[in-house]
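Note that the coordinates shown come from a computational prediction; the quantities given were computed from them, not determined experimentally. For the single chain, residues carry numbers from 1 onward in sequence order.
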Amino acid sequence: MPVWPGSPYPLGATFDGMGTNFSIFSEVADGVELCLVDDEGVERRLELTERDALCWHGYLPDVGPGQRYGFRVHGPWEPSEGHRCNPAKLLLDPYARAIAGEPSWGQELYGYVFGDPDACDPHDSLGAAPTSVVVNPYFDWGDDRPPRVPLADTVIYETHVKGFTARHPEIDPAERGTYAGLASPAAIEWLTGLGVTAVELLPIHAFVHDATLVQRGLRNYWGYNSIGYLAPHAGYARASGGGEVQELKAAVKALHQAGLEVILDVVYNHTGEGSHLGPTLCFRGIDNAAYYRLAADRRYYTDYTGTGNSLNMRSPHVLQLIMDSLRSWVLDFHVDGFRFDLAATLARELHDVDRLSAFFDLIQQDPVVSQVKLIAEPWDVGEGGYQVGNFPALWSEWNGKYRDCVRDFWRGQGHTLGELAYRLTGSSDLYEASARRPSASVNFVTCHDGFTLTDLVSYDAKHNEDNGEENRDGSDDNRSWNCGVEGPTTDPEVLALRARQRRNFLATLVLSQGIPMLSGGDEIGRTQLGNNNAYCQDNERSWYDWAGADEDVASLVSWLVAFRRAHPVLRRRRFFEGERLRGAEVSDIGWFAPTGKEMTDAEWESPAPASLGMVLNGDAIPSPGPRGERIRDDTLLVVLNPTPDAVSFVLPDGSWAGAWLVELDTTQAGPPVAPARHEAGAALDVGPRSLVLLRRCG
């Protein structure tokens, strides 16, 4: 087979309709072989003799989509110098657009597990190594357009492709657990019925299952173990060999047609190759010192992620890979944004987290990536890694402080009122100084990592025994409350309290300024039976139980999201100023004690749990227009009572509203059929541990 010179760029395998150009970066390599693999696993090795800009390349006419391939890289095996080349390994292409097969972690493949050339047959051709696949880049997008939902109007639904659809009775069994299932009419009807505007998918980059998990009969369910940054995970598709690319694109197109944006949870902080004892599948064997952050002795890795390695954000080739990957997902797959896992690691150039790092500079200037939604998980496990509020202006952040404060408030912890006021109003203490807006705060109470909402109100402690780590894994700082009984119960009073607490959390979340993020399955009462780290539970422990869905909670979520959409005062694009309005007796926001008087400093600083009223002035909403005109909405009053006793709450005087209608009371399962009217200054009975939402009616 002839190998033409080809081109160093673009990297990866690029089919042009006539043949395929192959290019791979390696500064340390002495030679690179391109290995074409047939359906029986037989290899044909072709030497790439052209090398430009540290890229080894060649063009093969008549090689097209569906062709499986890999690389064998010849070079130094000098772990003490950071080099781990080993031509006995068939390596994945870092720029692969599709990946076929999974590694097998049997004892006979010791060399694949531990990357030791002495443990490998140097003539071993394939073994159980996965292979890269040439893909067809062409897809009929038709009139697909990104929904471009403004940040202030965004409501995120975090979900898992497989878990969301695996047990759904109205989805074709052949499509359950797949991209096609995610885009099925039943799935889309559920999402649009909730009113969410975006699905945030747990990682769909191609990933591998850890050897230690496979040996325990488990799998890496969450997918935070990436091995291919431009390839969709084939395990979520009906077809493989490149068919997963077309299936995912069709799913994105269908979600867009329903007005839903697609946000990807991406893992650029580490790879699935693990520590220095992990498998050699791709990056380690190509150019270990370029791709990974090495410790001072260069034999081991610097690990800011808790997974054994961290990508080397000081390497221009790593930064290039990340940016090429991000652009590919936007341009080729039409996704609408990204949530960056352990994003603080991406900002570590030397040791400290640096908001001026090269990574953020590249994002800022990129004409493609800078225009989509960018969300940081603003922490990692390294020293100084908790960086909530410290990301640049383009970015929104998972607001861990919101989660912790709201959980503490509703479980009755004291000293929470002052911070709660910030969290309910967009966390200006975290974001305003850096010229950001309330939409910088992605508010959440639960997410994939931790308790589900049902478990948050049902367990005081984690119960992760099924993970096989003797319950040592997972966080011990859950800030949960079991309402008096640990785990399942038939006690009607406990069940009623748990249901009310769930309604409190959901109402607080949706009525707060910022971007609300719902953890998928919370709206149907999903439980993991106290497992707060179900990363390895690819089974019914994690999959949504549609047959046992709590329809009352789902209806409440739909109502809350619709209420938020109908009221701009809940979607402000600017922070509250707290100042009196011109020509009015009141300000844009008011805070009230149960006496009906505005909160005093002493009441804000009270160490005991206490009730709080928040008035959102509908006459004081800055317009998104260029002149900053104000638009008008209903004025809303939210009363929150975290105490175990009912409270007689005096409504604010007539300067705020002549009368109020109760729109929601979480002591009830849903909104009242006939909202009750209450005059200004009247006493409102607020039940124990409950939230009441009122609307001005006079």
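Atom CD of Q365 has more than 12 heavy atoms from other residues, nucleotides or ligands within 6.0 Å. The environment of OH in Y422 is sparse: at most 12 heavy-atom neighbours from other residues, nucleotides or ligands sit within 6.0 Å.
Remark: V372 pairs with V330, F338, L374 by the side-chain contact (heavy atoms from CB on, under 4.5 Å) rule, at least two apart or across chains. Qualifying side-chain contact (heavy atoms from CB on, under 4.5 Å) partners for A499, counting only residues two or more places apart in sequence or in other chains: R503. Listed by chain and residue number, Y95, Y229, L230, F283, Y291 satisfy the side-chain contact (heavy atoms from CB on, under 4.5 Å) test with L321 (two or more places apart in sequence, or in another chain).
Taking 4.5 Å as the limit, every side-chain heavy atom of L346 sits out of range of all side-chain heavy atoms of Y304. Here the side chains of F444 and E158 are not in contact, with every heavy-atom distance at 4.5 Å or above. Looking at heavy atoms from C-beta onward, V442 lies out of side-chain contact with N399 at the 4.5 angstrom threshold. In this structure, K253 and V262 have side chains that are not in contact, with every pair of non-hydrogen atoms separated by 4.5 Å or more. Residues S441 and L430 have side chains not in contact (no heavy-atom distance under 4.5 Å, counting atoms from C-beta outward).
Salt bridge annotation for R148-D153: absent, with no cationic side-chain nitrogen under 4.0 angstrom from a carboxylate oxygen. Of the charged side-chain nitrogens involved, at least one lies within less than 4.0 Å of a carboxylate oxygen, so that D476 and K462 count as a salt-bridged pair. Under a 4.0 Å N-O distance rule, the pair R327/D324 qualifies as a salt bridge.
The minimum heavy-atom distance linking P232 with L248 is given by the pair CB-CD2, 3.7 Å. The nearest pair of heavy atoms linking R403 to V445 is CG-O, 3.5 Å. Of all heavy-atom pairs between L182 and T165, the closest is N-CG2, 3.8 Å. Annotation for R502 and D550: closest pair NH2-OD2, 3.4 Å, computed over non-hydrogen atoms. When all heavy atoms of E189 and T192 are compared, the pair lying nearest together is O-OG1, 3.2 Å. Taking each heavy atom of R573 and A152 in turn, the nearest pair found is CG-CB, 3.8 Å.
Between the CG atom in L529 and the CD atom in Q537 there is a gap of 10.0 Å [rounded to 0.5 Å]. L616 CG to D588 CG: the interatomic distance, rounded to the nearest 0.5 Å, is 9.5 Å. D455 CG to R526 CZ: the interatomic distance, rounded to the nearest 0.5 Å, is 8.5 Å. Rounding to the nearest 0.5 Å places CG of L362 at 11.5 Å from OG of S370. If you take CG on L319 and CG on N312, they are separated by 8.5 Å, rounding to the nearest 0.5 Å. Between atom OG1 of residue T527 and atom CG of residue L453 there is a gap of 10.5 Å, rounded to the nearest 0.5 Å.
For the residue pair D538 / W543, a side-chain donor-acceptor distance below 3.5 Å is found, with atom types taken as modelled.
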From CA spacing to verdict: ring pair (Phe, Tyr, Trp, His ring centres under 6.0 Å), H233, Y179: CA-CA 10 Å; H233 187 61; Y179 303 121; 8.4 Å; no
Pair R436-E397, salt bridge (Lys or Arg N to Asp or Glu O under 4.0 Å): steps then yes or no: CA-CA 11 Å; R436 290 195 278 173; E397 301 175 13; 2.8 Å; yes
From CA spacing to verdict: side chain to side chain donor-acceptor pair (under 3.5 Å), N533, D473: CA-CA 7 Å; N533 190 35; D473 62 305; 2.8 Å; yes
Worked verdict on R167 versus D545 for salt bridge (Lys or Arg N to Asp or Glu O under 4.0 Å): CA-CA 7 Å; R167 304 169 71 189; D545 179 13; 3.8 Å; yes
Ring pair (Phe, Tyr, Trp, His ring centres under 6.0 Å) evaluation trace for Y431 with F575: CA-CA 10 Å; Y431 305 114; F575 289 109; 7.5 Å; no
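Classified by interplanar angle (parallel below 30°, tilted 30° to 60°, perpendicular above 60°), the ring pair F563/W559 is parallel. Using a 30° and 60° split on the angle between ring planes, F359 and F340 fall in the perpendicular class, above 60°.
Among F164, Y221, Y224, the one residue that satisfies the ring-ring contact (aromatic ring centres under 6.0 Å, His included) test with H448 is Y224.
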